[in-house]
Amino acid sequence: MTQTATRTSRLARGVFYPAAGIILLFVLIAVVAPEAMTNAMGWLQAEVIGVFGWYYVLIVAAFVVFAIWMGLSRFGDIVLGPDDEEPEFRLPVWFSMLFATGMGIGLVYFGVAEPLSHFESPKPGVTGDDPFLAQAAIGQTYLHWGIHAWAIYVVAGLALAYAIHRKGRPVSIRWALEPLFGDRVKGRLGDVIDVVAIIGTVFGVATSLGFGVLQVSNGLEFLGWVDDASMALKIGLIAAITAVAALSVASGLSKGIKWLSNGNMVLAGVVLGAVFVLGPTLFLLREWVQSFGYYFSNVIRLTFDTLAFRGDEGLAWESSWTIFYWGWWISWAPFVGVFIARISRGRTVREFVLGTLAVPMAVTTIWFSVFGGAGLNQEMAEPGSMLDPATGEVNTDTAMFQLFDTLPGGGAWLSVAAIILVIVFFVTSSDSGSFVVDMLANGGDPNPPLWSRLFWAILEGLVAAALLLAGGLTALQTAAILIALPFSLVLIGMGASVVKELSAEHRAIVRAERRAARAELTEHVTEKVATTLAGRWENVLPPAPGALRLRVPRRRPREGPGAPPGDGAAGSGASQNPSGPDSSG
């Protein structure tokens, strides 16, 4: 135990320096040669999507099947920790922490904008009247934000939670692959795995920060608080938000991250409730029920739709939406997986899967039904009211603020609340991501040093700034897709590892239960047979020496002339007078 603690408290040089070096090199190139980086990112996006788009669709579908199977399987009662372990965090706190970490800024950024975008520029091949297009838009949004995203997190989180809490391994991605690679995870192979996880986490969090800064800066311009959402303003916002995140990450998991997660969920609930009450309430209720049914009746078709017969148009749409989301969720998987594993000690496999899969899925659909449904209802009632006046298209950066302007009495204060929500969502994601990355860079130490936590928080801000300089939204999308490619292989290995481990443990449990049942049955049968034999044969078998003698009643002697010899008086007399007849006379 002492050796393990000493090893995990040291900086993992083979992980920290390569990961930090690669990320800093990217930032340097983006700052020195932004145009060259933009061209490179565009070329990589086209090549990766063209070659591997089908792979992303297939692998994410497989993760959904895996997650559902884990939740319903015979492994569901296995505890992620000692058998008698109680959950570390209460259910509401646990849920708010994993939800704020797992989605965050994206919900606010795309809540109104994505359904509107699918409505105004439908997916290739989707045609019909406005009600049909609106329904298809909500269904497509559910696909991108629903069960598929959380299934990816289940794969990573379950493998890590089992390795960390059940097997007692350090908090590190490599140990989730120990069942496949054995002691090799302690060497260079394990270092490579953790380096890939760190790079994916940093770029995934930076992508979210980029979206948040775009929305906040354009929101400030929309409200008239600034004249221009310039690059200088965006970089300044990144610096300010990163500073707040650094302060939060310095306070640790049980203070800053916990308080921010809980507070942010309350604020998100207030904004959601305000839009629901001030907007078309009855319509939103009907729309949520209908859209839920539409999603589940079409989810298989939507999952496997790669737009193969739509040529370049279909490929471009897929790369901008579905494949981008799958890449984004996979790039977040190491960060979210480690974090939800870290906070899920004491929960069963079934609780973990249902909590991570079903509950956030339900909340996410409610969110998009309220915000997206309200935006669609407004656009259908007053065509053009939710579009950018300058371009006549949906402006993803300002769509939410435009919706707030249409609500009675909701414009200014809801916009301010949304800006605060975006900032706090990023701070939550950033400090959680920094905490996770630092654990990986310190060999799995659950309480890494403060200086390195601050280093990673600052580095995430630098990467976000570099991505904006390298092409803005396109660069953010490309980074997410590219980082997901190598880590998807790690996720496949994690799924195989956890199945192997759970199967072995379940077989051991079954064997132990069978041995116990046989022992109990043998004891029961032995006791029953012994009792039965004792009852039937105690008058026949002679008692063992020293055993308790049984009283056997004697037959009364027969009297009279018909008594047999040796019976009656003679027998009795012989018994009473051992001297015999001769002794009397």
Side-chain angles (χ1 to χ4, degrees), residues 103 105-149 211 214-215 218 268 271-272 274-276 278-299 302 305 317-318 320-322 324-325 328 360-388 391-407 414 418 421-422 473 477:
M103 287 300 180
I105 293 172
L107 285 176
V108 185
Y109 186 80
F110 289 104
V112 178
E114 183 172 347
L116 273 176
S117 297
H118 296 324
F119 176 73
E120 289 296 322
S121 301
K123 181 179 180 179
V126 177
T127 58
D129 56 11
D130 283 354
F132 178 82
L133 292 177
Q135 183 63 85
I138 289 288
Q140 190 68 44
T141 304
Y142 278 10
L143 177 76
H144 294 156
W145 291 83
I147 195 172
H148 294 71
F211 284 133
L214 289 173
Q215 188 170 37
N218 284 277
V271 175
L272 178 72
V275 175
F276 177 74
L278 298 176
T281 305
L282 180 58
F283 164 79
L284 296 177
L285 289 171
R286 296 168 60 207
E287 178 263 324
W288 176 65
V289 173
Q290 179 175 311
S291 297
F292 214 75
Y294 177 89
Y295 168 69
F296 278 106
S297 63
N298 291 275
V299 64
L302 293 172
D305 187 7
W317 192 93
E318 279 282 291
S320 297
W321 290 106
T322 303
F324 157 66
Y325 277 120
W328 196 15
M361 161 69 186
V363 176
T364 300
T365 59
I366 293 173
W367 182 277
F368 279 101
S369 286
V370 171
F371 285 92
L376 289 171
N377 182 72
Q378 174 64 28
E379 179 62 21
M380 293 173 67
E382 300 180 27
S385 60
M386 292 298 296
L387 304 182
D388 190 327
T391 64
E393 299 177 349
V394 176
N395 187 332
T396 54
D397 298 330
T398 61
M400 177 166 285
F401 303 108
Q402 290 175 259
L403 173 64
F404 292 159
D405 252 3
T406 68
L407 300 177
L414 276 177
L421 193 61
V422 170
L473 183 60
Q477 293 174 324

Heavy atoms of Glu379 and Ser385 approach each other most closely as OE1-N, 3.4 Å
In short, Ala399 meets Val112 closest at the heavy-atom pair O-CG1, 3.8 Å
Here the gap from Thr365 atom OG1 to Ile147 atom CD1, rounded to the nearest 0.5 Å, amounts to 11.5 Å
CG (Asn218) and CG (Asp397) are apart, to the nearest 0.5 Å, by 4.0 Å
TODO: Over 60° means perpendicular and under 30° means parallel, so classify the ring planes of His118 and Trp317, tilted if in between.
DONE: tilted
Are the side chain of Thr322 and the backbone of Glu318 linked by a donor-acceptor contact shorter than 3.5 Å?
no
Smallest heavy-atom separation, Gly373 atom then Leu284 atom, equals C-CD2, 3.8 Å
Value for NZ (Lys123) from OG (Ser117), rounded to nearest 0.5 Å, stands at 15.0 Å
When rounded to the nearest 0.5 Å, the distance separating CG of Leu376 from CE of Met386 is 8.5 Å
I'd like to check His144 versus Phe324 (side-chain heavy atoms, cut-off strictly below 4.5 Å). Are they in contact? no
Looking only at heavy atoms, the pair that brings His148 and Tyr295 closest together is ND1-OH, 4.0 Å
Just so I know, are the side chains of Tyr142 and Tyr294 near enough to count as touching, which here means a heavy-atom distance under 4.5 Å? no
CG of Asp130 to CE of Met380, rounded to nearest 0.5 Å, is 5.0 Å
Is any side-chain heavy atom of Leu214 closer than 4.5 Å to a side-chain heavy atom of Tyr109?
yes
Heavy-atom nearest pair, Glu287 first then Ser369, reads OE1-O, 2.8 Å
message: Is it true that Trp145 and Glu114 share a donor-acceptor pair across their side chains at a distance under 3.5 Å?
response: yes
The reported gap from CG in Asp405 to CG in Leu414 (rounded to nearest 0.5 angstrom) is 10.0 Å
Residues Met400 and Val108: closest non-hydrogen pair is CE-O, 3.2 Å
Determine whether Val394 and Asp388 make a side-chain contact, defined as any pair of heavy atoms from C-beta on separated by less than 4.5 Å. no
task: Report yes if some heavy atom in the side chain of Phe368 is under 4.5 Å from a heavy atom in the side chain of Ser291; otherwise report no.
output: no
- Query: How are the rings of Phe371 and Phe404 set relative to one another: parallel (under 30°), tilted (30 to 60°) or perpendicular (over 60°)?
  - Reply: perpendicular
